[in-house]
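Note sheet for the following structure.
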Amino acid sequence: MNRNQIKALLHADHPQTQVLIKGWVRTRRNSKDFSFIEINDGSCLGNMQVIAGADLFNHDQIDRLTTGSAVSVTGSLVASQGKEQQWEIQAHRIDVISMAPESFPLQKKRHSDEYLRSIAHLRPRTNKYGAVFRIRSDLSYAIHTFFQQRGFKYVHTPIITGSDCEGAGEMFRVTTLDLNAVPRTGGHVDYSLDFFAKEANLTVSGQLSAEMLALSLGNVYTFGPTFRAEDSNTRRHAAEFWMVEPEMAFCGLEQNMDLAEEMIRYLVLYAIENCAEDLELFARFVDKTLPAALQNIVDEKFVRLPYCEAVDILSKSGNHFEFAPETGQDLQTEHERFLTEVHFKKPVIVYNYPKTIKPFYMRLNDDDLTVAAMDVLVPGIGEIIGGSQREERLEVLERRMDEQGLNKENYWWYLDSRRYGSVEHSGFGLGFERLIMLITGISNIRDVTPFPRTPKNIEF
RNA sequence: UCCCCAGUAGCUCAGUCGGCAGAGCAAGUGGCUGUUAACCACUGGGUCCGCGGUUCGAGUCCGUGCUGGGGAGCCA
């Protein structure tokens, strides 16, 4: 007999004489002649209440079942006499697969997020983290659905890259050299003896590769891990995270913003419609304003605000900022928060940033001062998407690389795409964990990642 | 990397002016009960983060290190 998922049984529309569930004991309450055992198998938030009578051959053992133990239960699915649940299982047989000793760290009470991070291997067995990781799965699926429905091709860009600079922060070195005996020539490390015979790093973005595929397949997207070796210690940064990066040929900034907005709205709506039970938990225990915040994203059109107007609004706001807003300077976190949380109270797309604060590949505007960049800012999280129209004009691109002190030879293949059939194209990167934070209301990226990697933290 | 805060029982925390180490929950034992984070009673449980210092005496004051959290920068 195959095991039934508890999710399916809880949604049953009629009693069943013979069912089999397997899962972990969340709690046990002994009664005079029987025990109530609540079992969770991870298929959904809800537990299945099992009635274990004294007639079970091993009822002595069942009476002592501990939280965290694994069991297999066969019995009949019957309407519950209790008020808190519709169905329960009258057990015919309960096999203890594995009894958890009293040292099991998860108790039948609320634990702090900090404590649960220290037992990251067990926290998926809690209601909250089980819900987070189910939503991660559902939203991953939704991302593929969104793009596939629109004719985008899913492409796989390299994890290990030879580009020695992509302008997106510190990188993790990849090497097979013996770090205790690094070969040197003239005082410098001799990478010709390394695995790839040149320096290699973990990718900080699939964008440059994705552009090549967009300029052949049309519309593409990547969805994969990304690595940043920044010593960032904040609740919204991780050294390893997942990023969604669409890239579209024959596409300008306007359409790029259209897609970003449509995608976020689609994903939030998908969660509302498909993850209702789990979302309800976050609305109850994590953030009471969550349902309204999500509905706001679905209903309200995103504000589109040129960078210079953003600075203007901030300057004239009368609000005191630690750093005064100033044209030519990047927006501070406090500025972004003011725009999304105080001034507009909805997502804001800021675009046309000064060229001096943005990377070489963003398309130079006709004013020669700004580039066709856009950041999607959302309340509570800040920047969730960063993107741009890409510079497709070879001579402009080369000039920008010179200005930023980049070695063009390292980008010969990237520049080739501007030599042969170059076209207008655009794309952006969505931080997947930040999306999950937005949708669950969870405020720390370490709590939406099963095994988070942050500075000085790689225990699990 | 910088600024701020915290570290006391398995967990969450209190600990007054420097003077005997505490509570709730959890665990163990017993009782009660179609229960709902079940309930009631009893019992056990401490490297007060580490090191150094001040003091008759330090969980408490000082120095330092480590760990965790919040904020900033970097960014998705």
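Numbers restart at 1 for each chain; the letters A, B, ... are given by sequence-line order, proteins then strands.
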- Rounded to whole Å, CZ of F36(A) lies from P of U35(B) at a distance of 6 Å

Which of the following nucleotides, [options], is nearest to the side chain of [X]?
| X | options | value |
| --- | --- | --- |
| E383(A) | U33(B), C75(B), C11(B) | C75(B) |
| T234(A) | A76(B), G73(B), G34(B) | G73(B) |
| R29(A) | A76(B), G73(B), U35(B) | U35(B) |
| S232(A) | C75(B), G34(B), C74(B) | C74(B) |
| R228(A) | G34(B), A76(B), U36(B) | A76(B) |

- Query: Salt bridge between E199(A) and R173(A), side-chain N to carboxylate O under 4.0 Å?
  - Reply: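 Yes, E199(A) and R173(A) are salt-bridged.
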
Atom pairs, N/O to N/O, protein against nucleotides 23-29 of chain B, distance under 3.5 Å?
residue : atom : partner : partner atom : Å
A26(B)  : O2'  : Q107(A) : NE2          : 3.4

N/O-N/O pairs, protein side and nucleotides 47-51 of chain B side, under 3.5 Å:
none

- Message: If you compare all heavy atoms of T449(A) against all heavy atoms of R136(A), which two are closest, and at what distance to 0.1 Å?
- Response: CA-NH1, 3.8 Å

- Query: So among F223(A), F152(A), Y266(A), which one has a ring-ring contact (aromatic ring centres under 6.0 Å, His included) with F147(A)?
  - Reply: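 Answer after filtering F223(A), F152(A), Y266(A): F152(A).
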
- Query: Does the side chain of R236(A) get closer than 4.0 angstrom to OP1 or OP2 of A72(B) through an N or O atom?
  - Reply: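 Indeed, a polar side-chain atom of R236(A) lies that close.
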
- Can you find a side chain N or O atom of S112(A) that sits less than 4.0 Å from OP1 or OP2 on U12(B)?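 For U12(B), OP1/OP2 do have a side-chain N/O of S112(A) under 4.0 Å.
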
Does [X] make a side-chain donor-acceptor contact with the base of [N], cut-off 3.5 Å?
| X | N | value |
| --- | --- | --- |
| Q85(A) | U35(B) | yes |
| E84(A) | U35(B) | no |
| N233(A) | U1(B) | yes |
| H237(A) | C75(B) | yes |

Short heteroatom pairs, N/O only, protein and nucleotides 65-69 of chain B, under 3.5 Å:
residue : atom : partner : partner atom : Å
G69(B)  : OP1  : R117(A) : NH1          : 2.8

